[in-house]
Amino acid sequence: MNERELIAQLVPQLPLNDRVIAGAGDDCAVIDLGLAADWVLFKIDATLEGVHFARDAEPRAVGHKALGRCLSDVAAMAGKPICALIALGLPAQFDPARVREIYAGINTLARRYQVAVAGGETSLSPDRLTLTVSLLGTVPQNHCVRRSGARPGDGLWVTGELGGSILGKHLAFEPRIQQAAWLRARFDLHAMIDLSDGLSTDARHLAQASEVGAELTAESIPISAAAWRRADDNASAALRAALNDGEDFELLFALPDSEHMALQAAWPKAFPDLKLTAIGTCTATRGLRLRQGNTLLELHEHGYDHFA
Ligand SMILES: [Mg+2]
C-alpha cells in the first residue's frame with residue numbers, strides 16, 4: 001500500500017463537525033470559528049532531517065523552510081497567516097548553536113509576515129532533528145480560494161520559474177503570501193494551489209478537485225535556470241524538471257478568460273521582479289495534457305507519453 005492509498009482509507013473515517021468548511025484535501029483546513037468576517041485557516045507540516053533537508057543544510061534555511069512550507073499553503077488559499085506553534089524533535093546529542101540558528105531562520109521569516117510564534121514543545125527524537133509547524137491564518141468568509149473552483153475555459157497561470165529547486169530554492173523560496181492577497185483583492189480567482197509536489201502533480205490535483213481537465217503548453221512553461229543546470233542544458237530534460245520537480249512553492253491558479261488582459265497589464269507594475277506566465281487552459285475533457293508544437297501528449301504524474 002502506498003501513502004496515497006493509506007490516506008484514501010483514513011480520510012473518510014475522520015470525524016468532522018459543522019465548524020469545518022473544508023477538511024482534508026485542500027492546502028489548509030478552513031474552519032468557521034464564529035468570527036464576524038473571517039474564516040480560520042489551519043495547517044500543519046512536518047519538516048524532517050533526511051527528508052526535507054540534509055543534515056549539513058544551513059540551519060537558518062532549515063528554519064525558513066519549516067515555517068515557509070506552511071505559509072505557502074496559506075498563500076494558496078489567499079489567506080493571511082497569524083500565528084504558529086512549533087514542535088521540535090531533538091536528537092539526544094543536539095547542538096544548541098544549530099537549534100538557535102534554526103529558530104533565527106523561523107523568526108526572521110515570521111517577522112516578515114507579522115506571524116507570531118505563540119508557543120510549541122520539544123521532545124526527544126532519537127535519530128534525527130524534526131520540526132513540526134502548525135499555523136493559523138484567516139481569510140474573509142467566502143473569499144478563500146480553494147482547489148476546486150476552476151471551470152473549462154479558465155486560463156492557468158503560474159508565478160515564478162519552475163524546476164531544479166533541489167539546487168537551493170527548496171530551502172530559500174519566498175512564500176507568495178503578498179501575491180496571493182493582491183490577486184484575490186483584484187481578480188476573480190477560481191482555484192489556486194501552491195506547487196509543492198511539482199507542476200504535473202499539483203496541476204492534476206487542482207484539475208481533479210475542480211472536476212475539469214487541463215492542457216498545458218510546453219513552450220510557455222517557465223523553466224528556471226536551476227532546471228537548465230540540472231538538465232545540462234538539454235531542453236527536454238529541463239522541461240521534465242520544470243514539470244516534475246517538487247518544492248517550487250510557486251502559485252498555480254485558474255482565472256476566467258475575461259480577466260487575462262487586465263492581469264497581464266497589472267502584474268508587472270505590482271511585482272516587477274516576479275515572473276507570471278499563462279501556461280495553459282482548463283478543459284471540459286478530464287485528464288492532463290501537454291501541447292508541444294503540433295503534438296498533444298498525455299501528462300502523467302512523473303512523465304508523459306503520446307496521447308492516443
Ligand atoms: Mg499545498
Side-chain angles (χ1 to χ4, degrees), residues 3-4 6-7 9-11 13-17 19-20 22-31 33 39-77 79-139 165 170-177 194 196-197 246-247 249:
E3 181 187 339
R4 188 172 322 178
L6 177 63
I7 291 169
Q9 285 187 359
L10 296 176
V11 166
Q13 310 299 324
L14 299 175
L16 298 174
N17 59 33
R19 298 291 192 172
V20 179
D26 219 310
D27 290 285
C28 299
V30 185
I31 313 293
L33 287 185
W39 285 336
V40 168
L41 302 176
F42 198 13
K43 182 66 198 177
I44 190 163
D45 263 316
T47 299
L48 313 181
E49 184 177 275
V51 178
H52 301 97
F53 61 95
R55 195 170 286 252
D56 62 357
E58 206 270 302
R60 279 181 190 246
V62 170
H64 177 97
K65 181 172 188 177
L67 177 62
R69 292 174 66 209
C70 279
L71 293 179
S72 184
D73 280 315
V74 168
M77 307 205 75
K80 174 180 161 52
I82 306 288
C83 66
L85 298 176
I86 297 163
L88 175 67
L90 279 177
Q93 301 297 321
F94 65 87
D95 171 4
R98 182 186 182 209
V99 176
R100 281 195 295 268
E101 283 295 292
I102 289 173
Y103 267 75
I106 293 172
N107 296 346
T108 299
L109 183 62
R111 286 195 184 96
R112 190 176 306 157
Y113 293 102
Q114 294 88 49
V115 172
V117 179
E121 71 134 8
T122 56
S123 69
L124 183 69
S125 169
D127 62 333
R128 66 183 68 192
L129 195 141
T130 70
L131 287 150
T132 303
V133 179
S134 183
L135 189 73
L136 281 181
T138 56
V139 68
S165 80
H170 80 106
L171 288 168
F173 62 93
E174 195 61 43
R176 302 306 185 192
I177 295 281
D194 68 318
S196 52
D197 296 342
E247 303 202 315
F249 299 110

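Residue numbers run from 1 in the order of the sequence given. What you see below is based on every heavy atom in this structure, not just the backbone, and it leaves out hydrogens, waters and symmetry mates.
For His170 and Phe249, the ring centers sit 6.0 Å or farther from each other.
Closest heavy-atom contact between Gly63 and Ile106: O-CG1, 3.3 Å. When every heavy atom of Leu124 is checked against every heavy atom of Pro91, the shortest pair comes out as CD1-C, 4.1 Å. Across all non-hydrogen atoms, the minimal contact from Ser72 to Asp194 is OG-OD2, 2.7 Å. Closest heavy-atom contact between His64 and Ala172: NE2-C, 4.1 Å. When all heavy atoms are compared, the tightest approach of Leu85 to Gly120 is CD2-N, 4.2 Å. Summarising the geometry of Ile31 relative to Phe42, their closest heavy-atom pair is CG1-CB, 4.4 Å, with the distance given to 0.1 Å.
Two residues are said to be in side-chain contact when any heavy atoms from C-beta on lie closer than 4.5 Å; Leu41 and Lys80 fail this criterion. Using a 4.5 Å heavy-atom cutoff, the side chains of Thr130 and Leu88 are not in contact. With contacts defined as side-chain heavy-atom distances shorter than 4.5 Å, the pair Leu67/Thr47 does not qualify. Using a 4.5 Å cut-off on side-chain heavy atoms (C-beta onward), Leu129 and Ile102 make contact.
Other residues, nucleotides and ligands contribute over 12 non-hydrogen atoms within 6.0 Å of the OH atom of Tyr113.
Atom-to-atom distance recorded for Leu131:CG and Lys65:NZ is 11.5 Å, nearest 0.5 angstrom. In this structure, the separation between CZ on Arg176 and CG on Leu71 is 12.5 Å, given to the nearest 0.5 Å. Rounded to the nearest 0.5 Å, atoms CZ (Arg60) and OG1 (Thr108) are 5.5 Å apart. Put simply, CG on Asp95 and CG on Leu90 are 10.5 Å apart, with the number rounded to the nearest 0.5 Å. Rounded to the nearest 0.5 Å, atoms CG (Asp197) and CD (Glu247) are 9.0 Å apart. Note: Ser125 OG to Phe94 CZ = 12.5 Å, rounded to the nearest 0.5 Å.
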Could you go step by step and tell me if Val117 and Asn107 meet the side-chain contact (heavy atoms from CB on, under 4.5 Å) rule? CA-CA 8 Å; Val117 179; Asn107 296 346; 4.3 Å; yes
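The salt bridge (Lys or Arg N to Asp or Glu O under 4.0 Å) test applied to Arg98 returns Glu49, not counting sequence neighbours. When the side-chain contact (heavy atoms from CB on, under 4.5 Å) test is applied to Asp45, the partners found at least two apart in sequence or on another chain are Lys43, Arg69, Cys70, Asp73. Contacts of Ala46 classified as side-chain contact (heavy atoms from CB on, under 4.5 Å), with partners at least two apart in sequence or in another chain: Leu48, Thr132.
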